[in-house]
Amino acid sequence: MLIPRWFAPFAIALAAACSTGSDDKAVQPAALFDAAAAVPQGQPIEAVLTDAPHVPPPIDRKTPAKVVVKLEVIEKVMEISEGVEYTFWTYGGGVPGKFIRVRQGDTVEFHLQNRADSKMPHNIDLHAVTGPGGGATSSFTAPGHESQFTFKALNAGLYVYHCATAPVGMHVANGMYGLILVEPPEGLPKVDREFYVMQGDFYTVGKYREKGLQPFDMQKAIEENATYVVFNGAEGALVGDKAITAKKGERIRVYMGNGGPNLVSSFHVIGEIFDRVYTEGGTRFQENVQTTLVPAGGSAIVEFVAEVPGTMILVDHSIFRAFNKGALGMLKIEGDDSKDLYSGKEVDSVYISDKALSSAPISAAAAGLKSGKLSKAEQVEAGKVLYAGNCATCHQADGKGLPGIFPPLAGSDYLMADKRRSIEIALNGLSGKVVVNGKDYNSVMPPMSQLNDDEVANILSYVRDSWGNRGDAVSPAEVAAARASTPRPPGAAE
Amino acid sequence: MRSGRAAALLAAGLLLAIVPSVASTGAAAGGPAMARVEGGRLPLFYPPPGGAAEVAVPPFLLDVRPVTQGEFLAFVTRRPEWRRGRVPALFADRNYLGRWAGPTDLGAGTRATQPVTQVSWFAARAYCEERGGRLPTEAEWEYAARANEVRPDAGADPERVRMLLEWYSRPTPKDLPDVGSGRPDVHGVHDLHGLVWEWVLDFNSTMAAGDSREAGDAERTRFCGAGALTAADARDYASFMRFAFRASLVAAATTPNLGFRCAADAE
């Protein structure tokens, strides 16, 4: 129990570095550390506490210390979703509560302060505490009072703390939880970014996103029928401007907790694989994990390298919670594209089962483009297929359009008069009056935003070579040039 | 001496224009009017192991509303030993009457018609004793608090539990409403819920008497899951919260949302 096996790999790496040439057998296990016998050194230290998603800095002390933690209980109304308010009970003014970071063997002097305007008494049960109630009995505090107790951090790990005042479910359901990290004596392996994310489920009388101040719904809580399942206390707490961010290539560690009160989290980051997961916040890690289970009243530490830029989505993969209850967050990775690791969309070919057209010509044209030997014939063949899927509904399979509504492409003077203009119309759409072959048309064509450059080129090459039209091919480069130099209508593809 | 005190009490009573029109009965004089609450059986929220699940509550008299700031000001004016700064720390913590501008001055931020708060159990008891009454027992208070506007026992009404939870969930407002603003219950009593917490005579008896075998560790059974083990009704969240609140107190404690009202034996 007192052996810090958390970072055995780290210790091995260090040992290896320090004993060049030695073989693995020479590596000693990490020294036994008797946390119970640790004696605080030096002056007491006031703990740095942070609000999610921030994490206090790593501990670089090499000796045990007396650490003073002052945590204030504040009952306050905050938004749980846009326009939806809820009376939260908080440790420190936010949900989840302040992140606490100590070192194994530290003596922690804990002060729980309950604000005078609190309606309720509160206490704290830290899962990192070895002792009755995890501190709950010693920290039971009336409004306008403060309690103090002291414990020794005997076990390393990432632990949940929460209120344990009856009715405990309601105190937890109102947001009274947070995380305390007990670092092993040798510290944690260095990473570039650390984040604090905690999931919780909420129960309101009003439906999901019903506006106004929403009271707690005891019946829904007992039935475990959550109205909201969110990260960091509110829908959208990690979205948009509030997303957590990192740079490409950085090693990221997320301290993931689940306050519950009821639901177990299937924590997943869309677009990432966890290199390591210290399951349940303990000492051993699993590698290459897609989704990790975080129990209510439990935690996990996940680590990964942000190899590919983009926005990664944090979800509870019990996926209705993500789409209909708020369990969504964002991690934005900034940096240059890593095309070798992830290409982005390479081919968007039309799949038209009812027209039974083979998409083989599209693939052939894509291959031709990639090899630099794209022929007009390939483009026309691919364009024929793409035309059927994207254009034929209006302009008709024979290119004749519909009189008075959709102008003809077959034998069209307007089309063939200006190649560049035809490209721009495909890219940007066209609305208003035009005269084609002497007839007026006043209609709207939407921008073909779903098509990429080579697809537009292939379609136009086909159109310019069919139904009596005689024109040269349109190259993807010409389309790219037109795309780059024309203003983009809202919603058009970039 | 005794007649002088009675006169002062009368004067204090006249200061308050909002005394509800309930027949004043029995022992108490001055302060709020008292209503007679017919006794009955009270189901115990924390029945003692192997003991009775309910207790008999004899008829009693209960103030129809909490004691006000104005009434308590009159009390400390008459009784200097209960003034802020004079009362021993043993009998009241340092926030005692801390809202007031001075030891005998409510100040601009406090109305005489608001419920008095930031009073210790000792001070509340002394006030009631001066009136010839006492604090209600926990059983009396809980019994009376089960009433609604039409019947004496509405304790199990889910809609009522929901309303109580809403009030319990909200932080205490900076400016408390006046006493007596809510509708009276079937006993003619106001404000047992929805205004302030209230002292009872034996506020800590439930914890202390939980089980003599766990002497010194009794509160443990009230926390977390264990709280549900020993309670008669694990769905009665409002009761959990009241008992938890009382259990968090010591007799010298004062908080901004804790007041009191007096009771007396029925003749």
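The sequence lines fix the lettering, A, B, ..., with proteins before strands; numbering per chain opens at 1.
With chain A as the partner, the residue from B:Q118, B:K174, B:R170 showing the most heavy-atom pairs under 4.5 Å is B:R170. Between chain A and the residues B:F245, B:W197, B:Y237, the most heavy-atom pairs under 4.5 angstrom are made by B:Y237. Contact tally against chain A (heavy-atom pairs below 4.5 Å) for B:L249, B:L165, B:V161: the top residue is B:L165. Chain B forms more heavy-atom pairs under 4.5 Å with one residue of A:T87, A:N174, A:V205, A:D117 than with any other, namely A:D117. Chain B forms the most heavy-atom pairs under 4.5 Å with one residue out of A:R115, A:H122, A:Q219, and that residue is A:Q219.
Using a 30° and 60° split on the angle between ring planes, A:F110 and A:F151 fall in the tilted class, from 30° to 60°. By the 30° and 60° cut-offs, the orientation of the rings of A:Y177 relative to A:F202 is tilted.
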- Might you work through the salt bridge (charged side-chain N to carboxylate O under 4.0 Å, His left out) test for B:D153 and B:R146, ending with a clear yes or no? CA-CA 5 Å; B:D153 187 357; B:R146 292 175 78 84; 3.0 Å; yes
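In this structure, the portion of B:D93 lying under 4.5 Å from any heavy atom of chain A is its side chain and not its backbone. In this structure, chain B has a heavy atom under 4.5 Å from the side chain of A:D217, while its backbone stays farther away. For chain A, no part of B:S239 is nearby; none of its heavy atoms comes within less than 4.5 Å. When heavy atoms are compared at a cutoff of 4.5 Å, B:W167 approaches chain A by way of both its backbone and its side chain.
A side-chain N or O of B:N257 and one of B:T172 form a donor-acceptor pair less than 3.5 Å apart. With hydrogens and angles left out, the side-chain atoms of A:H127 and A:H162 include a donor and acceptor closer than 3.5 Å. With 3.5 Å as the limit, one finds a donor-acceptor pair spanning the side chains of B:Q114 and B:D175.
In this structure, A:Y161 has its ring center closer than 6.0 angstrom to the ring center of A:Y91.
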